[in-house]
Amino acid sequence: MFALVDCNNFYASCERVFRPDLNGRPVVVLSNNDGCIIARSNEAKELGIKMGEPAFKIADFLTEKQVTVFSSNYVLYGDLSHRVMNTLGRFTPELEVYSIDEAFLNLTGLTVDWEEYARIIRQTVGRQVGIPVSVGIAPTKVLAKVANHRGKKIPGQNGICVLDTPRKIGEALETFEVGEVWGIGRQYRKLLNSINVYTAGDFLQLDDDWVRRKMTVVGLRVKKELAGISCLELELIPPAKKVICTSRSFGHDQTALEPIEEAVATYAARCAEKLRRQQSCAGMLMVFLHTNSFKEDEPQYAKNLVCKLPVPTNSTIELIHYTSAALRAIYKKGYRYKKAGVIVMEIVPEDRIQGSLFDCVDREKQATVMRKLDEINGKYGRDTLKVAAQGLGQKWKLRQEKLSPCYTTRWQDIIKVRV
DNA sequence: TCTGGGGTCCTAGGACCC
DNA sequence: TCTGGGGTCCTAGGACCC
């Protein structure tokens, strides 16, 4: 048996943990740069606010309805996510952290009342972390997703749903919209609807060969899982990333090369940090740059450049050297730039590097410098020590006008209790 | 004024090898 | 009339997830 535990409206719930005055009130969280709505409390959903809606389009509506708006605060969400996962870890020996707000638990071997167990999980996370969660329990991961969805959406379920018998599963799938099934997105939904398949139950009636042909083995696995045949195992150790990307829109459009170069150097530094955290090196990188395609009346330009590195690296200094050169090669004067990014690829473990006969970089020394850099920044905060190319001005920085404090990770932001 | 930022997997087709 | 059989690697595109 698997449980899927999913935090309700996670980012909005995080903001409410330290703002209990907002309980029962509409809350939304914006994407980077305060662009789009990416999380909504139930009250905000009830007001009809849509996921992904650009905030500026509904600014007046938000004010009128007294919706509390937050910029995204990933430091806070990341820390609360850790706390949730730690708490969940006590309910199973096998936990897969699937995303920032979801985890699968292997419950195989437990002899408990599932409903009761789900209730205890929910209560414990709520009490110890302050985040409301939903719990779905079923014999496969896809069915656990279905159960979780039902626990969350069906009134009276109290965020809990157990699908542990063929009859319960069959009844649930009969009314479960096929596009809501994990692994069936918009395109497949359209395809399935076109042949009169509207529910997960309908989907189960289809011929395996047809599913395999039209939806690849991925679709067939989904079907097997819905039928109660477990094909997706728990991933206990998160696999190393094969590609790492750091990209941001600028707070304001940029025209000069210098600030863009600072931004790209900072993105390169982030990529290098992520590489070192998973103990790998990248053999290739790409820099991209583009104008704002929403502004149709302005001249548009978008370009990227891929650069093969002589020897795979995770050194911030070396990566910045190449990303700066790549940026200078694609930058053209006379445009208003909106976004840039760095992608590192051909990622290999750092102890399996193919060296080069003509390599003239002292890699031992670079590694030592990076280790010290990470140590210092780990202790005193990100970018306490950085490469000069990252700049000091940072006029390209994100817009974050409604950022909440880092209640749990920054000394000066820790909440004060008055006596 | 203003529109996010990350990832994965699978398949088909072409080029190439013996 | 008729033209083998077995591979690999790479890329682009399309689907999906949070």
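Reminder, nothing fancy here: chain letters follow the sequence lines and each chain counts from 1. Bear in mind the structure is a predicted one, so any value in this text is a computation, not a measurement.
- Using the six-membered ring where Trp is involved, A/Y267 and A/W396 have ring planes that are perpendicular, over 60° apart on the 30 and 60° scheme.
- Distance, A/Q400 CD to B/dC2 P: 18 Å, rounded to whole Å.
- Using a 4.0 Å heavy-atom criterion, one finds that A/E102 contacts the sugar-phosphate atoms exclusively.
- At B/dC2, one or more side-chain N or O atoms of A/K295 fall inside 4.0 Å of OP1 or OP2 (strictly under the cut-off).
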Treating primed atoms plus P, OP1 and OP2 as sugar-phosphate and everything else as base, which nucleotides of nucleotides 4-16 of chain B get B, S or - for protein heavy atoms under 4.0 Å? SSSSSSSS-----
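- As a whole-Å value, the separation of A/E53 CD from B/dT3 P is 14 Å.
- When each of A/E102, A/E180, A/E225 is paired with A/K145, the salt bridge (Lys or Arg N to Asp or Glu O under 4.0 Å) condition holds for A/E102 and for no other.
- Across the protein-nucleic acid pair, A/H252 atom NE2 and B/dT3 atom C1' stand 16 Å apart, rounded to whole Å.
- Between the CG atom of A/D101 and the P atom of C/dC18 there is a distance of 9 Å, given to the nearest Å.
- Counting any heavy atom pair closer than 4.0 Å across all strands shown, A/D34 reaches no nucleic acid atom.
- Between A/E296 atom CD and B/dC2 atom P there is a gap of 14 Å when expressed in whole angstrom units.
- If you take atom C1' in B/dG4 and the same atom in C/dC17, they sit 16 Å apart, rounded to whole Å.
- Residue pairs that meet the side chain to side chain donor-acceptor pair (under 3.5 Å) test with at least one member in residues 301-312 of chain A, sequence neighbours left out, are A/K308-A/E346.
- Under the side chain to side chain contact (heavy atoms under 4.5 Å, CB included) test applied with A/E318, the options A/V361, A/L309, A/V311, A/T323 reduce to a single match, A/V361.
- Residue A/K145 is in sugar-phosphate contact alone, with no base atom involved, counting any heavy-atom pair closer than 4.0 Å across all strands shown.
- Remark: A/K141 qualifies as a cation-pi partner of A/F104 under the 6.0 Å distance and 45° angle criteria applied to the six-membered ring.
- Annotation for A/H252: atom NE2 does not count as buried by contact number, only 12 or fewer foreign heavy atoms lying within 6.0 Å.
- For the residue pair A/N73 and A/S404, a side-chain donor N or O sits within less than 3.5 Å of a side-chain acceptor on the partner.
- No contact: A/K214 has no heavy atom under 4.0 Å from any strand.
- Using a 4.0 Å cut-off between charged nitrogen and carboxylate oxygen, A/K168 and A/E171 do not count as a salt-bridge pair.
- For A/F176 and A/H149, the gap between ring centers is short of 6.0 Å.
- Between the CD1 atom of A/I184 and the C1' atom of C/dC17 there is a distance of 13 Å, rounded to whole Å.
- The residue A/L30 sits apart from the nucleic acid: no heavy atom pair falls under 4.0 Å.
- Taking a pair as Watson-Crick or G-U wobble with both distances under 3.5 Å, DNA chain C forms stems of 3 or more consecutive pairs at B:5-18 with C:5-18.
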